[in-house]
Amino acid sequence: MILKIAWRNLWRNKRRSVIVLTSVVVGVAMLMFNDSLMNGMVHQMLHNQIKMDVTHTQIHKTGFRNNKVIENSIDNPQKAVKLLENNNAVKAFGQRVISFGLVSSASNSGGVAIYGVNPEKEKQMTDIYSSIIDGKYLGSGRNEIIIGKKLAEKLDVMVGDKMVAIAADIDGEVSSELFRVAGIFKTASSEFDKSRVYVSIPVLQNMLSMGNKVSEIAVILEDYQQSIPFAEELGKELDSDFEVSPWQDIIPMLVAYSEGYRQMVMIFYLIIGLAVIFGVINTMLMSVFERVQEFGVLMSIGMKNGKIFRMVLLEAFMLGITGTFFGMIAGYLLHLPIMESGIDLSLFSESMASFGMNSVIHPRLSAEVILNSALIIPVMSVLAASYPAWKAIKLQPTEAMRYV
């Protein structure tokens with residue numbers, strides 16, 4: 001009964017209700033779009049970092065992350081390898097040797113991180129293979145090297161050109177090796193492209209006199225969200241010489257950015273919510289003052305204050321829920337044409353590449369985005385209607401019936 005009365009009261013002044021509904025629809029649609037766009041940007045940055053280099057979990061010798069020198073290499077990687085081979089949560093893994101040195105061409109030189117990898121294993125873990133834009137991926141050639149596009153431009157080299165890599169070996173002696181550029185890659189990060197080169201792991205181990213030692217073992221899991229419990233469990237199985245790190249510990253800045261994004265989105269929700277509160281308060285107060293005599297009659301025939309209070313709140317809730325429903329439909333329809341194609345921001349590609357983002361952003365409409373959009377306006381509408389409802393029950397029946 002109260003529901004039916006509340007719905008009819010809502011449409012007594014159609015123009016006013018339509019104006020408020022329209023503002024709610026637009027607000028919800030824009031909230032969904034903004035939240036999903038930011039969600040897509042963060043997800044893309046995380047995906048790019050993981051697929052470029054970080055992977056889901058990394059295993060190092062204790063102390064390597066604080067001092068990334070080849071002296072802090074894993075002496076017995078087979079112990080960790082056996083555990084990974086028998087773990088059903090592991091999708092792929094590979095060993096790496098990491099050294100920091102200098103690469104030189106006939107034209108220029110630059111400092112880089114030299115990665116020795118197993119080409120086939122790395123192909124299963126990262127997108128470097130699919131990022132080759134010229135030449136080919138690492139093959140069976142002993143002195144093949146692949147480099148980033150930015151570094152190739154800096155060194156003025158092309159596929160087939162020779163270049164020298166120089167680094168300190170495990171004994172502290174300067175070691176060098178001549179390589180031929182097999183391929184050039186381009187990722188979403190310009191910083192990555194100008195500071196990373198890849199060679200075959202046996203070649204780098206031989207160059208640095210490391211034997212079978214490795215710098216890290218990178219792991220891809222079946223479910224990246226299980227990286228923390230996986231790292232904790234694996235850490236218990238390995239001794240104190242090993243350090244197992246989930247991606248959250250490896251890229252804390254991105255995790256912090258993700259948290260900051262959530263807080264920023266909450267601020268947007270708060271701003272829209274406050275706008276809705278003022279709109280609903282104004283609408284419901286006008287509605288209450290227009291119906292003072294009606295409330296007086298209802299009170300005089302015995303309707304309790306609680307029912308009147310709930311009726312006013314219900315009107316606001318129905319206003320909010322109706323606007324939210326159509327707003328979510330509008331927000332979803334807004335997403336349809338861009339969910340697959342994305343939003344092309346090529347005009348800002350250089351600046352976006354410095355943050356590790358692609359020039360095309362794909363909004364990501366997650367369950368969290370939908371839930372937030374569905375709850376914020378109805379809840380704010382009920383809160384906003386509390387004051388007009390309180391004003392309604394404070395009316396005196398005899399005075400209200402004489403109100404003109």
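Residue numbers count from 1 along this sequence. Please read all numbers here as calculations on a predicted model, not as lab measurements.
The side chain to side chain donor-acceptor pair (under 3.5 Å) check on His60 picks up Gln58, Glu216, with sequence neighbours excluded. Applying the ring pair (Phe, Tyr, Trp, His ring centres under 6.0 Å) criterion to Tyr137, with sequence neighbours excluded, gives Tyr129. Remark: Ser245 pairs with Arg65 by the side chain to side chain donor-acceptor pair (under 3.5 Å) rule, at least two apart or across chains. The ring pair (Phe, Tyr, Trp, His ring centres under 6.0 Å) search around Tyr115 returns Tyr198, not counting sequence neighbours. When the side chain to side chain donor-acceptor pair (under 3.5 Å) test is applied to Asp193, the partners found at least two apart in sequence or on another chain are Thr187. In this structure Tyr332 satisfies the ring pair (Phe, Tyr, Trp, His ring centres under 6.0 Å) test with no other residue, sequence neighbours excluded. Take Thr62 and apply the side chain to side chain contact (heavy atoms under 4.5 Å, CB included) test, not counting sequence neighbours, and it matches Glu243. Residues that satisfy the side chain to side chain donor-acceptor pair (under 3.5 Å) test with Gln124, not counting sequence neighbours, are absent from this structure. For Lys121, the salt bridge (Lys or Arg N to Asp or Glu O under 4.0 Å) test picks out no residue, with sequence neighbours left out.
Applying the 6.0 Å contact sphere to NZ of Lys51 captures more than 12 heavy atoms from other residues, nucleotides or ligands. In this structure, Asn212 places its CG atom where only 12 or fewer heavy-atom neighbours from other residues, nucleotides or ligands lie under 6.0 Å away. Atom NZ of Lys123 sits in a crowded spot, with more than 12 heavy atoms from other residues, nucleotides or ligands closer than 6.0 Å.
Each of Ile201, Val199, Val117 was compared with Val97 under the side-chain contact (heavy atoms from CB on, under 4.5 Å) criterion, and only Ile201 meets it.
Side chains of Ile370 and Met328 form a contact here, defined as non-hydrogen atoms less than 4.5 Å apart. Inter-residue side-chain proximity for Asn87 and Val219 is flagged as unmet; no heavy-atom pair is nearer than 4.5 Å. Met45 is not listed as a side-chain neighbour of Ile251, based on a closest heavy-atom distance of 4.5 Å or more.
Distance check, rounded to the nearest 0.5 Å: OG1 of Thr126 to CZ of Phe185 gives 9.5 Å. Atom CD1 in Ile147 sits 11.5 Å away from atom NZ in Lys154 (nearest 0.5 Å).
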Please report, to 0.1 Å, the donor-acceptor pairs under 3.5 Å made by any side chain of residues 202-211, with sequence neighbours excluded.
| unit_1 | atom_1 | unit_2 | atom_2 | d |
| --- | --- | --- | --- | --- |
| Gln205 | NE2 | Lys213 | O | 2.9 |

Can you give the donor-acceptor pairs under 3.5 Å from side chains of residues 226-239 to other protein atoms, not counting sequence neighbours?
| unit_1 | atom_1 | unit_2 | atom_2 | d |
| --- | --- | --- | --- | --- |
| Ser227 | OG | Tyr224 | O | 3.2 |
| Ser227 | OG | Trp247 | NE1 | 3.2 |
| Ser227 | OG | Gln248 | OE1 | 2.9 |
| Ser227 | OG | Gln248 | NE2 | 3.4 |
| Asp239 | OD1 | Asp241 | N | 2.9 |
| Asp239 | OD2 | Lys79 | NZ | 2.8 |

Atom pairs and distances, donor-acceptor, side-chain atoms in residues 18-30, under 3.5 Å, two or more places apart:
| unit_1 | atom_1 | unit_2 | atom_2 | d |
| --- | --- | --- | --- | --- |
| Thr22 | OG1 | Val18 | O | 2.7 |
| Ser23 | OG | Val20 | O | 2.6 |

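For Asn72 (side chain) and Asn67 (main-chain N/O), a donor-acceptor pair under 3.5 Å exists by modelled atom type.
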